[in-house]
Protein chains: 2
Amino acid sequence: MVQQVKFGEDMKRIKNVRIKDVAEKAEVSTATVSHVINGNKYVSEKIKNKVNTVLRELNYQPNSAARSLRSTKTNTIGLIIPINSEDTSKSFFMSIAEGIEEKLKSKGYNLILSNSKEDSEQELNLIKMFKTKVDGLILAPTNENFKAINETIDHNFQTVMIDRLPVGYKGDYVLVDNFQGTYEGINELIKSGFKKIGFLSSGLGVNTSSDKFEVNKERSNNRMYINPNNERFQAYKVALSDNKLNFNPNYVLFGESSFQSGYDLAKQLISKGVDAIFIANNIMAMGSVKFIQEQKLIIPDGIGMIGYDNYDWTEIISPPLSAIKQPAFEIGVQASELMLNRIQNPTAGFQHIKLKTENLKRSSY
Amino acid sequence: MVQQVKFGEDMKRIKNVRIKDVAEKAEVSTATVSHVINGNKYVSEKIKNKVNTVLRELNYQPNSAARSLRSTKTNTIGLIIPINSEDTSKSFFMSIAEGIEEKLKSKGYNLILSNSKEDSEQELNLIKMFKTKVDGLILAPTNENFKAINETIDHNFQTVMIDRLPVGYKGDYVLVDNFQGTYEGINELIKSGFKKIGFLSSGLGVNTSSDKFEVNKERSNNRMYINPNNERFQAYKVALSDNKLNFNPNYVLFGESSFQSGYDLAKQLISKGVDAIFIANNIMAMGSVKFIQEQKLIIPDGIGMIGYDNYDWTEIISPPLSAIKQPAFEIGVQASELMLNRIQNPTAGFQHIKLKTENLKRSSY
DNA sequence: ACCATCAAGTTAATCGATTAACTGATGATG
DNA sequence: CATCATCAGTTAATCGATTAACTTGATGGT
């Protein structure tokens, strides 16, 4: 029932096949067609076959607006990731998105992708806009305005947080155990004989400066960390302390997430006499490596290094850089699973997933 | 008018505010509210203010399913990209997606992202599914089944192709001038004194093997290339010929897009005596570099190299790798612009955009 | 033979916003 | 003063699928 309709001058536009067209051609009611499609009421084999034949003949595709309107399900999930163009996190979050899309597609869901650019105002706008467009939201929250987010996300909305956690958030989430990986990494540096270990990272988010150096004695497992960078920093301090090494605030530098900043801060650390550097951020690691190479410092004899996340380049520099690898794709898969479960069963208890990092020992320590 | 509704056990669910609720509270008709929101009919200042106040008070958000159903606009654009997990193209297409999302968001549109995984069957399913969900489709088509795609994309659907082009496709597209960049790159290698230049690439798609080595005399501008890899290959041949160098089929290797394949094929080329390699693909370039480094070959004295696309790693290996850079983000921006234009004016003439690559001369030739 | 039950479809209300057609009031015009 | 245009807002049809409630005919137990 592909109808031709006049449109503009002489242009023709094909009107979509409706369920009514199918019903008429198959000589049944629209209800029956719907039942055949959705399989939620018994329909005899004979009629089912007839309808299915017509469905194929007309190449029918249900109008999803109508469907959503009536059923209040959009079969769509929103994803908000926070990437600045210059940022290291791009590839990390894109792998997460890939994992989400793959899982969702297999269950008949779609993914709407959006970028908050690490800006909490944009984030709130996006959340608001998503309200009537999606069945659920997977969110890597920005570092500010947690309260506002908590208010905006009401019970109309299934939510799964990833990578970071708003304080006081009650709900499903998938995080990476950044403490564990970092702790092990620092430990290994120490085992290899390094004693003056520098720590390089991008910012901790909003509540950074005041308590930046307040040592937290508890371990990751019992605590809810706001932010992966902070978690890594805590792990760094605990690992030092567990190895009876002094924590030296001069060996810790936070800067913006850029190549240049990595270059500059590595320079500073070296001038302060560190013998190894842990870099909690990919693009800063690149900047640091550049500086080290320019200085003709020998890795690992002159200086030890560990980076974060297993980017391509870590394998082909010489020597290959050891790294802590986050399971990005897997975060996406797990987050979608939580989401789909919650949609199916909204009253179930909240699920908290913490994925392990992988410690890739290469030749840089 | 936030209503509490019983839901399950004791759980409460907040029902969304409808336009009717707004109308009642503002003591006007739903039509008036709609006019205020969409501004397509004159409403007096007085009433407009009253309505706007209520809109804010109730934090009203239009139900987009209802809106789409009535207006037949979804305000959503679909994007299908073709990435295999192992593939080099991941970062390229993700940057395109970023550009698209940014542009669309600024115009009030959403982006549904999906991955065909370079599989034409999945691609067709996605296209079909998108039919009632989006106003338009931005597509980087797979290499097979062009005919099927052309049939499936009917006039219900605005389409913009990116990166690749189905033969015979009539419509908007945004491509990269791969010929130009490659041609210049090869030329520069030759100018630097290299004479036996190898060419490494991933496959050409379906119609590869038969005419793989058939030299095409025409230039890019007058020709419609199916596939960027092919375009690069053509440019390679033309550049050789323009420099009176013989084309040696033994110096050309196509393989799968993987690190290992890059490693292996570089090995083969070297053993065949090439003095420079042009690698049309990021991950294969990584593999090649790995092999070169292992062999302690000196770049560029021992061997010249040019890679494709400006990935992070190309800057920090020593020496930094020269590369042809595609304007990925810009492809996304331009494609979205074409799309939005076409939605506004469906009968306008088709637009064809071909973006220039950037030639990043570093120290590898 | 009688009524209850079930099986297999159908009828029609419904979701929420848009928008063509309409109403009533005001004002301009010859 | 009758007539018509314009203005500002309202009424109600409509988009297409889902689904609760209903119909109709068949089955079966006592």
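Numbers restart at 1 for each chain; the letters A, B, ... are given by sequence-line order, proteins then strands.
At the phosphate of dC15(D), neither OP1 nor OP2 sits under 4.0 Å from any side-chain N or O atom of T72(B). Here Y42(A) does not reach the OP1 or OP2 of dC6(C): none of its side-chain N or O atoms lies under 4.0 Å away. Listed pair R70(B) / dT14(D) fails the phosphate criterion, with no side-chain N or O lying under 4.0 Å from OP1 or OP2. Listed pair Y60(B) / dG16(C) fails the phosphate criterion, with no side-chain N or O lying under 4.0 Å from OP1 or OP2. Between N63(A) and dC15(D) there is no side-chain N or O to OP1 or OP2 distance below 4.0 Å. Applying the 4.0 Å criterion to OP1 and OP2 of dG16(C), one finds that N16(B) has every side-chain N and O outside that range. OP1 or OP2 of dT18(C) has at least one side-chain nitrogen or oxygen of N38(B) nearer than 4.0 Å. An OP1 or OP2 oxygen of dT18(D) is reached within less than 4.0 angstrom by no side-chain nitrogen or oxygen of S71(A).
Straight-line distance from the CG atom of L55(A) to the C1' atom of dA17(D): 13 Å, rounded to whole Å. In this structure, R18(B) atom CZ and dT18(C) atom P are separated by 15 Å, rounded to whole Å. For the pair I19(B) CD1 and dT10(D) P, the interatomic distance rounds to 12 Å; values are reported in whole Å. As a whole-Å value, the separation of K73(B) NZ from dT19(C) P is 11 Å. Computed from coordinates, the I37(A) CD1 to dT18(D) P distance equals 6 Å when rounded to whole Å. One can place NZ of K41(A) at 11 Å from P of dT19(D), the figure rounded to the nearest angstrom. Rounded to whole Å, the distance from CD on E24(A) to C1' on dT10(C) is 15 Å. Between R67(B) atom CZ and dC15(D) atom C1' the separation is 15 Å, expressed in whole Å.
Judged by closest nucleotide on DNA chain D, A31(B) is the one of L69(B) and A31(B) placed further toward the 5' end. Heavy-atom distances to DNA chain C give each of H35(B) and A66(B) a nearest nucleotide, and the one nearer the 5′ end belongs to A66(B). Nearest-nucleotide assignment on DNA chain C puts the 5′-proximal partner with S29(A), out of S34(B) and S29(A).
Interatomic distance, E24(B) CD to R18(B) CZ, rounded to the nearest 0.5 Å: 7.5 Å. For the atom pair CG of N125(A) and CD of E121(A), the computed distance is 6.0 Å after rounding to the nearest 0.5 Å.
With hydrogens and angles ignored, the 3.5 Å screen pairs a side-chain donor or acceptor of S64(A) with a backbone N or O of T132(B).
Bending across the helix from dA1(C)-dT30(D) to dG30(C)-dC1(D), expressed as the angle between its end axes from five pairs apiece, amounts to 50° (10° rounding).
Around NZ of K73(B), the count of heavy atoms belonging to other residues, nucleotides or ligands within 6.0 Å exceeds 12. For E27(A), the CD atom is loosely surrounded, since the number of other residues' heavy atoms within 6.0 Å does not exceed 12.
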Evaluation steps, side-chain contact (heavy atoms from CB on, under 4.5 Å), between I47(A) and V28(A):
CA-CA 8 Å; I47(A) 300 257; V28(A) 296; 4.0 Å; yes
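The minimum heavy-atom distance linking F93(B) with A140(B) is given by the pair CE2-CB, 3.7 Å.
Partner Y109(A) forms a side-chain contact (heavy atoms from CB on, under 4.5 Å) with one of D135(A), V134(A), T76(A) and no other, that one being D135(A). When each of I77(B), L79(B), I100(B) is tested with M339(B) by the rule side-chain contact (heavy atoms from CB on, under 4.5 Å), just one qualifies, namely I77(B).
Across all strands, V28(B) comes closer than 4.0 Å only to sugar-phosphate atoms, never to a base (heavy-atom distances).
Taking every heavy atom of residues 44-52 of chain B and every atom of DNA chain D, pairs under 4.0 Å involve S44(B), I47(B), by number.
Contacts of K105(A) classified as salt bridge (Lys or Arg N to Asp or Glu O under 4.0 Å), with partners at least two apart in sequence or in another chain: E101(A).
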